J.: 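First the structure, which I've put down as structure tokens, then a few questions once you've had a look.
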Amino acid sequence: MRVRPLLVSVLVGASILAAAPADAAIAAAREDGPPARVLAPRRAAPDWRTRIDGLIGGRGISVAIGNDGTFWYRHLATVPRIPASNEKLLLSMALLDRVAPAHRIATRAMALTPPVDGMLAGDLWLVGNGDPEIDRERLTALAEDVVATGLARIDGSVVADTGPFDRDWWAVGWKDYFQADEVPFPTALTFEGNVGPGGSHIEDPERRAAAWFTNELRRLGVEVTGKPRMEAAPDGLVKLATIRSDPLIAILGRMNRDSLNFDAEVLGKFLGSQVNGVGSIESGAAAVDAFTAANGAPAFEHHDGSGLSYANRVTTQGVVKLLWAADARDWASKLRFSLPTTGQGTLEGRLFHVRVRAKTGTLSEISALSGWVWNRAIGDWIEFSIVSLGLYKSTAIDIEDAIARIAMREAMPPAAQRSAA
């Protein structure tokens with residue numbers, strides 16, 4: 001009758017011995033703390049290029065990323081796209097390649113003959129040359145400089161020059177409402193952004209500048225006999241006093257950070273006058289075209305300086321090549337830091353914790369982001385360009401920001417990528 005218990009004991013003992021290693025591990029775990037987690041084999045992270053492919057999906061998005069003449073990633077990078085305000089980045093390059101970053105644009109008070117014993121026989125002329133930031137304060141400073149010469153009376157008027165730029169206010173590819181809603185009249189002599197007190201876009205900024213200048217001269221004790229007006233200045237004027245703009249690079253910084261269409265079109269005319277001798281929107285666009293064609297992007301099309309034109313065309317591959325060309329110029333770092341960074345200007349609310357300097361672009365169903373992002377793998381700036389078509393802006397922003405993060409944190413040059421594989 002005692003055989004069965006003995007047999008059961010033997011069987012139980014055998015099963016305990018068979019399970020001993022596992023039971024020992026469990027017992028040890030109970031003595032030392034909770035059971036150890038059993039980890040599955042770690043899977044390799046997806047290739048960073050594959051992650052960008054996934055973000056793009058089947059959407060109309062062109063991307064190029066690279067550094068020092070080598071492309072690290074390209075997707076539809078040779079497809080012509082509408083750059084929107086990325087055009088301002090190209091305008092900035094063309095300007096800096098022609099004019100020194102420290103250049104200051106002059107606005108002058110002039111006359112046909114110098115004053116004699118404090119008396120000016122004839123009109124005093126206000127002559128602008130493309131400073132987009134002339135305002136009341138700046139004209140007051142010019143009036144003070146005129147008074148400091150000893151001027152006491154003007155037997156004539158203050159007349160604002162309607163030249164030397166052309167008075168064009170339209171570009172191929174603009175919508176018919178852009179003049180009223182998107183860009184004030186780009187003139188050589190500007191005044192308060194060429195908008196009226198209610199924010200409307202005005203057609204007589206020069207006359208308004210002349211009126212303010214007349215009032216300031218009178219306030220400072222100068223007798224002005226005539227009424228302010230505007231017309232084309234005659235040849236042969238002599239300088240009475242001059243004010244100068246902030247350095248060009250400072251103006252470009254404000255233009256690029258807040259994507260100011262007015263500044264871009266005024267500076268585009270300024271560029272056209274410097275390169276082609278004609279201050280028009282078309283001439284400025286031709287000057288940008290000459291720069292891009294000479295620096296690796298011969299197939300681009302430019303019709304304005306602001307990027308409002310739906311007829312403009314770029315490729316992301318070409319934009320990156322132009323950024324490489326810029327890197328070889330002595331103004332490269334100044335251009336880079338003229339672009340908005342995380343949370344600044346048009347990048348407000350975007351790309352937190354990403355070290356980036358990039359120009360945004362927005363038109364209807366068009367979005368762009370191009371510039372520089374700091375890459376951890378090489379410890380240096382790399383260049384990138386993203387331009388899309390047919391997306392909601394919020395969707396485009398999410399994709400652009402995700403690609404920029406990958407370019408900073410995960411992207412690596414092709415040789416390093418092969419080594420890692």
Side-chain angles (χ1 to χ4, degrees), residues 99 102-165 167 184-197 202 204-251 254-255 262-263 266-267 269-270 273-274 279:
V99 181
H103 180 79
R104 296 174 183 263
I105 302 169
T107 300
R108 296 185 172 93
M110 308 184 78
L112 280 171
T113 59
V116 177
D117 296 330
M119 307 290 286
L120 177 62
D123 297 325
L124 182 150
W125 290 84
L126 287 178
V127 179
N129 288 283
D131 179 356
E133 298 183 334
I134 294 295
D135 57 13
R136 290 175 172 84
E137 183 179 355
R138 303 283 302 288
L139 286 185
T140 296
L142 182 59
E144 291 170 346
D145 289 347
V146 168
V147 172
T149 68
L151 182 67
R153 176 184 170 89
I154 299 173
D155 284 331
S157 299
V158 173
V159 188
D161 181 21
T162 54
F165 294 174
R167 298 184 69 75
F185 188 15
T187 53
L189 176 62
T190 67
F191 183 62
E192 296 289 338
N194 289 6
V195 298
I202 58 175
D204 62 345
E206 297 97 339
R207 184 192 63 78
R208 297 177 191 230
W212 176 264
F213 199 75
T214 300
N215 290 337
E216 287 302 284
L217 287 175
R218 287 171 174 164
R219 182 182 65 81
L220 294 166
V222 178
E223 184 180 356
V224 184
T225 62
K227 294 182 179 180
R229 65 183 195 273
M230 65 183 210
E231 61 186 65
D235 295 332
L237 294 175
V238 296
K239 181 183 69 174
L240 302 181
T242 302
I243 56 171
R244 296 189 181 276
S245 70
D246 283 348
L248 175 63
I249 192 62
I251 300 174
R254 289 186 281 272
M255 178 191 78
F262 173 69
D263 289 31
V266 172
L267 291 174
K269 288 187 175 184
F270 172 74
S273 69
Q274 295 291 307

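It should be emphasised that the depicted structure is a prediction, and the values quoted were computed from it without experimental measurement.
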J.: Taking atom CG of L267 and atom CZ of F262, what is their separation to the nearest 0.5 Å?
T.: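 Here the interatomic distance stands at 9.5 Å.
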J.: Please report the C-alpha distance between I134 and I243 in whole Å, then the side-chain angles of each, then the deciding distance to 0.1 Å, and finally whether the side chain to side chain contact (heavy atoms under 4.5 Å, CB included) criterion is met.
T.: CA-CA 10 Å; I134 294 295; I243 56 171; 4.0 Å; yes
J.: Once side chain to side chain donor-acceptor pair (under 3.5 Å) is applied, what residue pairs with a partner in residues 125-135 remain, sequence neighbours excluded?
T.: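 Residue pairs passing side chain to side chain donor-acceptor pair (under 3.5 Å), neighbours aside: D131-R138, E133-R254.
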J.: Taking all non-hydrogen atoms of both residues into account, name the closest pair between V224 and G156 and its distance.
T.: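 Looking at all heavy atoms of both residues, the closest pair is CG1-O, 3.6 Å.
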J.: Let me confirm one number: the OG1-CG distance from T140 to L220, rounded to the nearest 0.5 Å.
T.: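 Rounded to the nearest 0.5 Å, the OG1-CG separation comes out at 7.5 Å.
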J.: I'd like to check the ring-ring contact (aromatic ring centres under 6.0 Å, His included) partners of F185; sequence neighbours left out, ordered by chain and number.
T.: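 Listed in chain order: W169.
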J.: Please round to the nearest 0.5 Å and tell me the distance separating atom CD of E231 and atom CG of D161.
T.: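 That separation rounds to 9.0 Å.
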J.: State, to 0.1 Å, how close A209 and L126 come at their nearest heavy-atom pair, and which atoms those are.
T.: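 In this case the closest contact between A209 and L126 is O-CD1, 3.9 Å.
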J.: Which pair of non-hydrogen atoms, one from T187 and one from P205, has the smallest distance, and what is that distance?
T.: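 Distance-wise, the nearest heavy atoms are OG1-CG, 3.8 Å.
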J.: Report yes or no: does S273 contribute a side-chain atom to a donor-acceptor pair with the main-chain N or O of F270 at less than 3.5 Å?
T.: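 Confirmed, S273 side chain pairs with F270 backbone.
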J.: Which residues satisfy the salt bridge (charged side-chain N to carboxylate O under 4.0 Å, His left out) test with R167, sequence neighbours excluded?
T.: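 Only E206 meet the salt bridge (charged side-chain N to carboxylate O under 4.0 Å, His left out) criterion with R167.
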J.: Is there side-chain contact between P115 and L240, with heavy atoms separated by less than 4.5 Å?
T.: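 Heavy-atom side-chain distance check passes, below 4.5 Å.
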J.: Going by side-chain contact (heavy atoms from CB on, under 4.5 Å), name the residues that satisfy it together with T242, two or more places apart in sequence or in a different chain.
T.: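 With neighbours one apart ignored, the set is A106, R108, K239, R244.
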J.: Between P164 and G128, which heavy-atom pair has the shortest distance, and what is it?
T.: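 That closest heavy-atom pairing would be CD-O, 3.2 Å.
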J.: Out of curiosity, R104 CZ to L248 CG, how far, rounded to the nearest 0.5 Å?
T.: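 Reported to 0.5 Å precision, the distance equals 11.0 Å.
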J.: Kindly give the heavy-atom pair with the smallest separation between F165 and K269, and that separation in Å.
T.: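 Scanning both residues, the minimum pair turns out to be CD1-CB, 3.6 Å.
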J.: Within this structure, what is the CD1-NE2 distance for the pair I249 and H103, rounded to the nearest 0.5 Å?
T.: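 Answer for the CD1-NE2 pair, I249 versus H103, is 13.0 Å.
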J.: Would the distance check show the side chain of T190 and the main-chain N or O of G130 forming a donor-acceptor pair, the cut-off being under 3.5 Å?
T.: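 No, the answer is negative, given that no donor and acceptor are paired below the 3.5 Å cut-off.
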J.: Test of understanding: with side-chain contact (heavy atoms from CB on, under 4.5 Å), list the residues that count as partners of L112, not counting sequence neighbours.
T.: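 Only P234, L237 meet the side-chain contact (heavy atoms from CB on, under 4.5 Å) criterion with L112.
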J.: Quick one: list whatever passes side chain to side chain donor-acceptor pair (under 3.5 Å) with Q274, sequence neighbours left out.
T.: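 Result, side chain to side chain donor-acceptor pair (under 3.5 Å) vs Q274: none returned.
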J.: Test of understanding: with side chain to side chain donor-acceptor pair (under 3.5 Å), list the residues that count as partners of D155, not counting sequence neighbours.
T.: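 With sequence neighbours excluded, D155 shows a side chain to side chain donor-acceptor pair (under 3.5 Å) to R153, given in chain and number order.
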J.: Only pairs under 3.5 Å count here: list side-chain donor-acceptor contacts from residues 143-151, not counting sequence neighbours, and write none if there are none.
T.:
| from | atom 1 | to | atom 2 | distance (Å) |
| --- | --- | --- | --- | --- |
| T149 | OG1 | V146 | O | 2.5 |

J.: Please identify each residue that fulfils salt bridge (charged side-chain N to carboxylate O under 4.0 Å, His left out) with D123, with sequence neighbours left out.
T.: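 Counting only residues at least two positions away or on another chain, D123 forms a salt bridge (charged side-chain N to carboxylate O under 4.0 Å, His left out) with R229.
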J.: List in chain and number order the residues that pass side-chain contact (heavy atoms from CB on, under 4.5 Å) with V238, two or more places apart in sequence or in another chain; answer none if no residue qualifies.
T.: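 side-chain contact (heavy atoms from CB on, under 4.5 Å) check on V238 returns P114.
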J.: Where do P184 and V195 come nearest, in terms of heavy atoms and distance?
T.: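 Nearest pair, atom of P184 first, then V195: CG-CG1, 3.8 Å.
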J.: Measure the spacing between CZ of F191 and OG1 of T107 and express it to the nearest 0.5 Å.
T.: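 The distance works out to 12.5 Å.
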